[in-house]
Amino acid sequence: MEKILFRNNGISPGFSPTKDLKIFLISIFQNEKVDLKTLSYIFCKDDYLLTLNREYLNHDSYTDILTFTLSDLSSAVISEIYISIERVRENAVK
C-alpha cells in the first residue's frame, strides 16, 4: 500500500494536505507505472536544509528542496523530499 506523508519540522507549510492531494500524488506514480511505497514531504526551515545540504551533498549553500531516494532502483520508491518554506517563499517573490 502506498503512503504519502507530510511532516513539519519547525515550520508549517501554510496548508493542510488533503486526501485528494494524496490521491493525486499516488496517481502520478500509477500513470508513470512506477511502484511507490512511501513518499515523505518534510517542511523545514533554511538552517535545517542547509545542514542536510552540507552533510550529505557537501554543498555550503541554501536551497529550496532536497530529495533523497532511500530505495534501490529495482524496488518500490521510498523517498524523502525536504522543502525549506523560507526559501520557497523568498524564491516565489523573485
Considering non-hydrogen atoms only, spot the tightest contact between [X] and [Y] and give its length.
{"X": "Ile83", "Y": "Val88", "result": "CG2-CG2, 3.7 Å"}
{"X": "Asn53", "Y": "Ser61", "result": "ND2-O, 2.8 Å"}
{"X": "Lys45", "Y": "Ser84", "result": "C-OG, 3.8 Å"}

Check: [Y] main-chain N/O paired with [X] side-chain donor or acceptor under 3.5 Å:
{"X": "Thr51", "Y": "Asp47", "value": "yes"}
{"X": "Asn8", "Y": "Gly10", "value": "no"}
{"X": "Thr69", "Y": "Ser71", "value": "no"}

What distance separates [X] [atom1] from [Y] [atom2], expressed to the nearest 0.5 Å?
{"X": "Arg7", "Y": "Asn9", "atom1": "CZ", "atom2": "CG", "value": "10.5 Å"}
{"X": "Leu21", "Y": "Tyr41", "atom1": "CG", "atom2": "OH", "value": "7.5 Å"}
{"X": "Tyr62", "Y": "Asn91", "atom1": "OH", "atom2": "CG", "value": "13.0 Å"}
{"X": "Ile11", "Y": "Cys44", "atom1": "CD1", "atom2": "SG", "value": "8.5 Å"}
{"X": "Phe29", "Y": "Leu39", "atom1": "CZ", "atom2": "CG", "value": "5.0 Å"}
{"X": "Ser27", "Y": "Lys22", "atom1": "OG", "atom2": "NZ", "value": "14.5 Å"}

Would you check if the distance from the ring center of Phe15 to the ring center of Phe43 is below 6.0 Å?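 Distance test on ring centres: under 6.0 Å, yes.
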What pairs of residues pass the ring-ring contact (aromatic ring centres under 6.0 Å, His included) test when at least one of them lies in residues 71-94, not counting sequence neighbours?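 Non-adjacent pairs meeting ring-ring contact (aromatic ring centres under 6.0 Å, His included): Phe68-Tyr82.
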Do [X] and [Y] belong to the same hydrophobic cluster, where Ile, Leu, Val, Met, Phe, Trp and Tyr are linked whenever their side-chain heavy atoms lie under 4.5 Å apart, directly or via other members?
{"X": "Leu50", "Y": "Leu57", "result": "no"}
{"X": "Leu66", "Y": "Phe6", "result": "no"}
{"X": "Tyr56", "Y": "Tyr48", "result": "yes"}
{"X": "Ile78", "Y": "Leu5", "result": "no"}

Does any donor atom in the side chain of Thr18 or Asp20 lie under 3.5 Å from an acceptor atom in the other side chain?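 No, Asp20 and Thr18 have no side-chain donor paired with an acceptor closer than 3.5 Å.
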Can you find a pair of side-chain heavy atoms, one from [X] and one from [Y], that are under 4.5 Å apart?
{"X": "Ile26", "Y": "Ile4", "value": "yes"}
{"X": "Ser79", "Y": "Leu70", "value": "no"}
{"X": "Thr38", "Y": "Ser40", "value": "yes"}

Option from Thr63, Ile85, Ile65, Ile42 for which side-chain contact (heavy atoms from CB on, under 4.5 Å) with Leu49 holds: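 Of Thr63, Ile85, Ile65, Ile42, side-chain contact (heavy atoms from CB on, under 4.5 Å) with Leu49 is met by Thr63 alone.
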Within a 6.0 Å radius of atom NZ on Lys37, are there more than 12 heavy atoms belonging to other residues, nucleotides or ligands?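 Count not over threshold, so no.
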Which residue pairs satisfy the salt bridge (Lys or Arg N to Asp or Glu O under 4.0 Å) criterion with at least one member in residues 81-90, sequence neighbours excluded?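 Output for this query lists Asp46-Arg87, Arg87-Glu90, Glu90-Lys94.
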